[in-house]
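Positions are given from 1 along the sequence. As the structure is a prediction and not an experimental result, all values here were calculated from the model.
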Amino acid sequence: MKNIIVRTFLYLSAVMLLFASCSYKKVYRIGVSQCAEGQWREKVNHEMLASQHLYEQDVKVTIASAHDDTQLQVRQIDSLAATGIDLLVVAPNEAEPIAVAIERVKQKGIPVICFDRRVKGDHYTAFIGGSNVEAGRAIGVNVVDVAHGIAATGHKPLVLEVTALMSSSPAQERHEGFAKALEGHGELDYVCREGDWSSETTCRIVKEQIASGRLPDIVFCHNDGMATGAYKAAVETGTEGRIQIFGIDGMPGEGLDYVQLGHQLASYVYPTGGEKIVRLALDILTGKPYKRENTLEGILVVRENAWSIATTTRELMRQNKNLATIQDKLEDYLGLYSTQRKALTASLVLIVLLAVAVVAIWRAYLLSQRAIRKRQALSEEETLFYTNPDSRTVRQMFETPTEELPAPRSQDTIFAETLNEAIRQNMSNPSLKMEDLGETVGLSRVQLYRKVKAITGLSPVELLRQMRLQQGYVLLSTTNKTVQEIAHEVGFGTPGYFSKCFRQQYGKYPMELRNSTNLT
């Protein structure tokens with residue numbers, strides 16, 4: 001009988017697999033290689049993830065970050081190509097070395113979209129991104145207007161440009177646009193120094209310029225992160241307010257806020273366009289017409305429009321994060337829908353499983369009756385043992401003195417242990433909610449907040465993030481797992497957000513910790 005049930009179950013499972021193969025629908029796999037992390041790139045990532053179900057085709061986006069490491073990006077590109085992706089999207093860290101990796105991908109028949117940054121040669125299929133030349137030119141025109149005002153006072157203004165790493169195409173193009181805007185304006189002096197995208201290097205360069213005896217009146221930095229370094233240099237040298245600072249990116253929490261605060265005179269919203277990247281990829285993969293060069297328009301940010309742009313951008317970022325969450329749930333629902341299409345086959349399997357369950361329940365009932373009879377017999381023996389005077393002396397040999405009993409634990413200790421275990425068991429779930437933790441420990445969301453705050457001084461959300469980061473620290477220090485794998489294992493939706501929170505907690509990025517531990 002048992003063999004017949006097993007054979008029937010295997011047969012019905014085979015039928016279900018046949019139905020599944022008949023209803024197969026192509027899922028386009030897009031691999032993304034980001035050259036670095038940061039708020040701007042995190043916004044692009046969220047937009048691409050949120051766009052996976054915006055179009056009629058099914059899309060699966062996989063994202064990897066090279067953390068400003070060109071050799072790491074080369075290895076990631078080769079690895080993504082080896083996983084069987086249908087198309088590669090890449091933001092090159094450096095123009096020349098990445099071009100060789102892209103050529104290998106194209107030789108495998110995989111289309112390549114370059115976004116934000118370009119590579120040497122023409123082995124890519126299409127390019128999409130803002131015009132870095134236009135970004136530099138727009139800032140340059142604004143700088144010339146400010147310089148005219150300074151020159152009108154009888155002082156010849158000094159303009160200092162701190163470029164990013166000039167081996168990258170954005171730095172080359174932003175410098176080109178800025179320098180052209182300044183051509184022919186003899187009323188100002190112009191100095192250009194090469195940086196490396198970091199605020200620390202920019203701070204050092206601006207300090208060196210100030211120490212040379214010629215204070216720059218205007219400083220243009222290739223992104224808003226570098227602009228913070230210029231502002232720091234002004235503060236530390238006591239020249240704050242005397243230097244007008246310009247940047248590029250225009251993100252909330254960076255350039256948009258700095259312009260509103262007066263730390264920067266202007267910035268430039270360099271467009272992300274994640275959903276347009278996915279649309280372009282699908283056009284290429286499905287044989288639809290597409291343009292090889294796709295330029296996204298940016299916006300100059302000044303004090304007058306900074307607030308409205310910041311408000312709109314924050315709302316769009318919030319919606320993209322919500323869409324990414326909805327997309328994850330949608331994948332679950334689509335899986336459920338696919339299962340329901342095979343309802344007849346599933347019903348047949350269910351009948352077999354129910355039959356097996358009935359047999360199991362009957363066996364469990366017989367075993368439980370046997371256990372009840374055994375407990376009754378033991379209970380009668382125990383009663384005789386405790387009521388028999390001759391047994392009392394023997395019984396005392398098995399009794400533990402009160403002073404040797406374990407000390408009672410406080411309710412806070414028991415609560416903390418229960419909550420700690422609940423968090424560790426559910427840490428890998430990025431959608432973990434406070435209501436779920438509260439249900440585990442028998443408290444409402446408000447009661448949980450008050451209890452955790454009273455014991456730890458942290459809110460439940462802060463405690464959860466701290467424990468996730470601590471576990472991430474341990475995994476970075478003791479395993480060879482990638483930052484992306486560790487981020488997902490400890491419950492962060494994206495590696496970028498994990499790296500950002502990690503740096504806020506420990507003062508360094510995950511890869512900096514990994515490098516410092518020399519883990520191989």
Side-chain angles (χ1 to χ4, degrees), residues 37 39 42-43 45-47 49-53 63 251-253 257 310-337 408-476 483-507 510:
E37 295 181 330
Q39 191 177 10
E42 186 176 338
K43 182 173 182 288
N45 293 345
H46 277 300
E47 290 172 350
L49 291 172
S51 300
Q52 291 178 103
H53 288 295
I63 301 173
M251 292 292 295
D257 290 354
T311 302
T312 302
T313 303
R314 283 193 176 92
E315 177 60 21
L316 288 174
M317 291 174 67
R318 185 189 66 81
Q319 291 179 5
N320 281 329
K321 289 181 180 179
N322 291 340
L323 283 173
T325 301
I326 293 172
Q327 181 267 332
D328 291 337
K329 294 182 178 180
L330 183 58
E331 288 186 351
D332 294 337
Y333 296 150
L334 289 174
L336 178 61
Y337 171 71
R409 297 185 301 165
S410 69
Q411 291 299 315
D412 286 348
T413 301
I414 296 173
F415 167 81
E417 291 175 352
T418 304
L419 180 61
N420 180 68
E421 180 64 21
I423 289 177
R424 293 194 179 280
Q425 289 183 356
N426 297 278
M427 182 179 292
S428 62
N429 179 10
S431 302
L432 179 61
K433 298 179 180 179
M434 293 305 104
E435 290 85 353
D436 298 332
L437 290 177
E439 183 177 346
T440 301
V441 296
L443 296 176
S444 67
R445 182 186 181 95
V446 174
Q447 290 171 327
L448 178 67
Y449 178 90
R450 292 174 179 171
K451 188 78 170 178
V452 173
K453 191 73 173 179
I455 294 175
T456 66
L458 303 173
S459 70
V461 173
E462 292 169 341
L463 177 62
L464 174 59
R465 182 170 60 248
Q466 178 175 291
M467 291 183 66
R468 281 174 166 164
L469 292 173
Q470 289 172 348
Q471 180 65 11
Y473 192 104
V474 171
L475 293 174
L476 283 167
V483 172
Q484 183 175 6
E485 290 172 339
I486 292 173
H488 289 305
E489 185 170 332
V490 298
F492 280 86
T494 64
Y497 184 57
F498 169 69
S499 297
K500 178 180 178 182
C501 293
F502 191 95
R503 188 172 188 273
Q504 291 175 346
Q505 180 76 9
Y506 297 110

Distance-minimising heavy-atom pair for L458 and V452: O-CG1, 3.4 Å
Within residues 450-467 or reaching into it, pairs that qualify as salt bridge (Lys or Arg N to Asp or Glu O under 4.0 Å) - sequence neighbours excluded: D412-K451
Stepwise side chain to side chain contact (heavy atoms under 4.5 Å, CB included) test for L475 and E485: CA-CA 10 Å; L475 293 174; E485 290 172 339; over 6 Å; no
Parallel, tilted or perpendicular: ring planes of F492 versus Y497, cut at 30 and 60 degrees: tilted
CA sep, side-chain torsions, deciding dist, call: M467, N420, side chain to side chain contact (heavy atoms under 4.5 Å, CB included): CA-CA 9 Å; M467 291 183 66; N420 180 68; 3.0 Å; yes
Heavy-atom closest pair, residues P510 and F498: CG-CE2, 3.8 Å
Validation row: L437, P460 side chains within 4.5 angstrom (heavy atoms): no
Sidechain-backbone polar pair: Q39 side chain, P252 backbone, donor-acceptor under 3.5 Å: yes
Separation of T418 OG1 from Q411 CD (nearest 0.5 Å): 9.5 Å
I63 side chain reached by T494 side chain, heavy atoms, under 4.5 Å: no
Test item: Q466 side-chain N/O and Q505 main-chain N/O as donor-acceptor pair under 3.5 Å: no
Spacing of CD1 belonging to I423 relative to CG belonging to L463, to within rounding of 0.5 Å: 4.5 Å
Spacing of I414 atom CD1 and L419 atom CG [to the nearest 0.5 Å]: 13.5 Å
Backbone N/O of M427 and side chain of R468: donor-acceptor pair under 3.5 Å: yes
Closest contact, heavy atoms only, A487 versus P495: CB-CA, 3.9 Å
CD on Q484 to CD1 on I486, rounded to 0.5 Å: 11.0 Å
Rounded distance [0.5 Å steps], NE2 in H488 versus CG in N429: 13.0 Å
Interatomic spacing from CG in N426 to CD in E421 - rounded to 0.5 Å: 9.5 Å
Enclosure of F415 CZ (heavy-atom neighbours >12, cutoff 6.0 Å): yes
Minimal non-hydrogen separation, F502 against G472, with atom names: CE1-C, 4.4 Å
Shortest non-hydrogen contact from V483 toward S499: CG1-OG, 4.0 Å
Minimum-distance pair of heavy atoms, taken over all atoms of Q471 and V490: CG-CG1, 3.6 Å
